Number of protein chains: 2
Amino acid sequence: MLKNPVVLLDLVDRLANLMRAEFRRVGSEEGLQPVHIQALLFLAQVNRFSNTPQALAEYLDTTKGTVSQSLLLLDRRGLIERYQDEIDRRVVRLRLSALGEAFLDESNPSGLWQTATREVSANRVRYSVSVLRTILYEMQNQNGGPPFGTCNTCVYCQRKSQRIHHCAWFGERLSGPETRKICREQVPKSGYLTAGE
Amino acid sequence: MLKNPVVLLDLVDRLANLMRAEFRRVGSEEGLQPVHIQALLFLAQVNRFSNTPQALAEYLDTTKGTVSQSLLLLDRRGLIERYQDEIDRRVVRLRLSALGEAFLDESNPSGLWQTATREVSANRVRYSVSVLRTILYEMQNQNGGPPFGTCNTCVYCQRKSQRIHHCAWFGERLSGPETRKICREQVPKSGYLTAGE
DNA sequence: CCGAAATAATAGCGAGTCAAAACTAATTTG
DNA sequence: CAAATTAGTTTTGACTCGCTATTATTTCGG
């Protein structure tokens, strides 16, 4: 009756619903909705090529218009800053403000998750990451959306020296910490999907 | 910068957002929102002790009032049926109507997920189920809510013979298929959390 | 080099979710 | 048998979300 893949979907849905409720609790003091917390977490993790409203819309699987309204509120609260792109003046770039970073530090929206995950070994977490990443990749393949992975598992990321990396897609240098942020254009290296890391 | 547990949370959130968008597509013909699809899927999976509005509210991590409205809509569309409990006349029992079952069969809301999961071996799926179940259990421990597992992994489920099981919590007989449905009062047997199945 | 198509983002609108609190009805407790 | 508890509904108001323009900028074709 209940096949294992369905059970897995059920667990993913339930965990997401739980985190959604947790985000609601965390945001309620500041009058923020769960979607606003998700947006702030996205901005905290994303690299400098993907910090646009469009990317956020793809990440959240929602529309540009909806995202625009969420950003409006975050801007009014002073939690984010918007600035124009130097080259293409249509695109708006986003970053967390100092206030936004402080808010994430204090409220720690993923605290409940982190506490719960402490009971699971690092190996088991890594293994599950690999499985879920494969599923996400497959779903995005059918769906057209970008997978949003980190640079250090991307085919375009080349290591030049100890500290210097280079992105062959955007043609720019990357620092070490930057290769651990998530990117809209990421294409996973083979070996990061079917096998564990 | 990005620890693995955080990456896992990110994946869970993103997969859930994707499924949410998928549920929206699936439900749009019938004018159903994602939450309504989730409710229908819940009713398709739940055992006869847990098919109440209250249980659904706990499952979705939302409030009774919100669930009440969702059920109102599903009832109006003829997708579910409500009936009073024999013993406690305050409680309302829910079941899918024939129309509701037909809708799930035709639209198959988890089709995208199932297709994507075909690329992952059964072993890896089972392993991930075990990991996510542990995390869910830990989060519920802190949160107070019930974990909602299947009877066949529950301490109260006793096997009487080949085909007959017995629930020591509700004190009733269970058929074989029933032990594979999810229950509100489930308490996982040791061994189903820390180890794989 | 100029007009048309494409792209990024915003604005306005209306339907509908959602939480909170008040309320009803049935059950349990003391 | 009254008080407290529990399951569920109703009401209200805030806010999300998808949809459809609209604006601004860039790219493409001739």
Side-chain angles (χ1 to χ4, degrees), chain A residues 17-18 20-39 49-77 80-94 144 146 184, chain B residues 17-18 20-40 49-77 80-94 144 146 184-185:
Chain A
N17 282 339
L18 250 168
R20 188 183 175 76
E22 175 72 4
F23 287 169
R24 193 177 295 279
R25 265 190 296 277
V26 165
S28 62
E29 300 172 11
E30 304 279 333
L32 298 178
Q33 303 286 326
V35 66
H36 299 131
I37 308 290
Q38 285 190 301
F49 306 120
S50 314
N51 57 350
T52 67
Q54 176 79 24
L56 179 56
E58 290 164 357
Y59 183 85
L60 297 176
D61 289 295
T62 184
T63 61
K64 289 179 302 175
T66 300
V67 161
S68 197
Q69 289 187 1
S70 303
L71 293 174
L72 198 65
L73 186 142
L74 290 172
D75 198 1
R76 276 201 301 260
R77 301 283 160 87
I80 63 169
E81 292 164 2
R82 306 151 109 162
Y83 56 100
Q84 262 191 346
D85 186 89
E86 300 283 327
I87 299 160
D88 187 336
R89 295 224 298 281
R90 288 172 305 182
V91 336
V92 171
R93 300 265 163 205
L94 307 166
R184 175 183 180 180
Chain B
N17 282 338
L18 250 166
R20 190 182 174 76
E22 174 72 4
F23 287 170
R24 191 178 297 280
R25 264 189 297 277
V26 165
S28 62
E29 300 171 11
E30 304 280 333
L32 299 178
Q33 302 286 326
V35 66
H36 299 132
I37 307 291
Q38 285 190 300
L40 291 177
F49 305 120
S50 314
N51 56 349
T52 66
Q54 176 79 18
L56 179 55
E58 289 163 358
Y59 183 85
L60 297 176
D61 290 295
T62 184
T63 60
K64 291 179 302 176
T66 299
V67 161
S68 196
Q69 289 189 4
S70 303
L71 292 174
L72 197 65
L73 185 143
L74 290 173
D75 198 1
R76 275 202 300 259
R77 301 283 161 87
I80 63 169
E81 291 164 3
R82 307 151 109 161
Y83 57 101
Q84 263 192 345
D85 185 88
E86 301 283 326
I87 298 160
D88 187 337
R89 295 226 298 283
R90 288 171 306 180
V91 337
V92 171
R93 300 266 163 204
L94 306 165
R184 176 184 179 181
E185 300 293 344

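Treat the numbers as computed from the prediction; the structure is a model and nothing was measured. Letters A, B, ... mirror the listed sequences (proteins, then strands); counts begin at 1.
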Rounded off to whole Å, could you give me the [atom1]-to-[atom2] distance for the [X] and [N] pair?
| X | N | atom1 | atom2 | result |
| --- | --- | --- | --- | --- |
| Gln54(A) | dA6(C) | CD | P | 16 Å |
| Leu74(B) | dG16(C) | CG | P | 14 Å |
| Ile87(B) | dA26(C) | CD1 | C1' | 14 Å |
| Arg20(A) | dA19(C) | CZ | C1' | 12 Å |
| Arg90(A) | dA6(C) | CZ | C1' | 8 Å |
| Arg24(A) | dC18(C) | CZ | C1' | 6 Å |
| Arg89(B) | dT28(C) | CZ | P | 12 Å |
| Leu72(A) | dA8(C) | CG | P | 20 Å |

Inset, instruction - Check whether any side-chain heavy atom of Phe23(B) sits under 4.5 Å from a side-chain heavy atom of Leu40(B), and report yes or no. - result: no
Inset, instruction - Could you check if a side-chain atom of Gln84(A) sits within less than 4.5 angstrom of a side-chain atom of Val92(A), using non-hydrogen atoms only? - result: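 No, every pair of side-chain atoms sits at 4.5 Å or beyond.
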So what does [X] hit on the nucleic acid, given a heavy-atom distance under 4.0 Å: a base, only sugar-phosphate, or nothing?
| X | answer |
| --- | --- |
| Ser70(A) | nothing |
| Arg93(A) | nothing |
| Val67(B) | nothing |
| Arg82(B) | sugar-phosphate |
| Ser28(A) | nothing |

Legend entry - 5′-ward residue of the pair Val35(B)/Pro53(A) relative to DNA chain C: Pro53(A)
Legend entry - By ring pair (Phe, Tyr, Trp, His ring centres under 6.0 Å) - contacts of Tyr59(B) (at least two apart):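 Partners of Tyr59(B) by the ring pair (Phe, Tyr, Trp, His ring centres under 6.0 Å) criterion, ordered by chain and then number, come out as Phe42(B), Phe148(B).
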Legend entry - Heavy-atom contact window of chain A on DNA chain D, given 5' to 3' at under 4.0 Å: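 From 5' to 3', the first and last contacting nucleotides are dC15(D) to dT26(D).
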Inset, instruction - For the side chain of Asp88(B), starting at C-beta, report the closest nucleotide among dA19(C), dC18(C), dT27(C). - result: dT27(C)
Gap between atom [atom2] of [Y] and atom [atom1] of [X] - 0.5 Å precision:
| X | Y | atom1 | atom2 | result |
| --- | --- | --- | --- | --- |
| Leu74(A) | Glu81(A) | CG | CD | 12.5 Å |
| Ser70(A) | Ile37(A) | OG | CD1 | 11.5 Å |
| Thr52(B) | Leu71(B) | OG1 | CG | 9.5 Å |
| Asn17(B) | Leu60(A) | CG | CG | 5.5 Å |

Inset, instruction - Take Lys64(A) and Gln33(A), find for each the nucleotide of DNA chain D with the closest heavy atom, and name the residue whose nucleotide sits nearer the 5' end. - result: Gln33(A)
Under 3.5 Å, which donor-acceptor pairs link side chains of residues 27-36 of chain B to any protein atom two or more places apart or in another chain?
residue  : atom : partner  : partner atom : Å
Ser28(B) : OG   : Arg25(B) : O            : 2.8
Gln33(B) : OE1  : Arg24(B) : NH1          : 3.4
His36(B) : ND1  : Gln33(B) : N            : 2.9

Inset, instruction - Give a yes/no on whether any side-chain N or O of Thr66(B) is located under 4.0 angstrom from OP1 or OP2 of dA19(C). - result: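 So the side-chain polar atoms of Thr66(B) do come within 4.0 Å of the phosphate oxygens OP1 or OP2 of dA19(C), strictly under.
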Inset, instruction - Would you indicate, yes or no, if dT10(C) has its OP1 or OP2 atom less than 4.0 angstrom from a side-chain nitrogen or oxygen of Ser68(A)? - result: yes
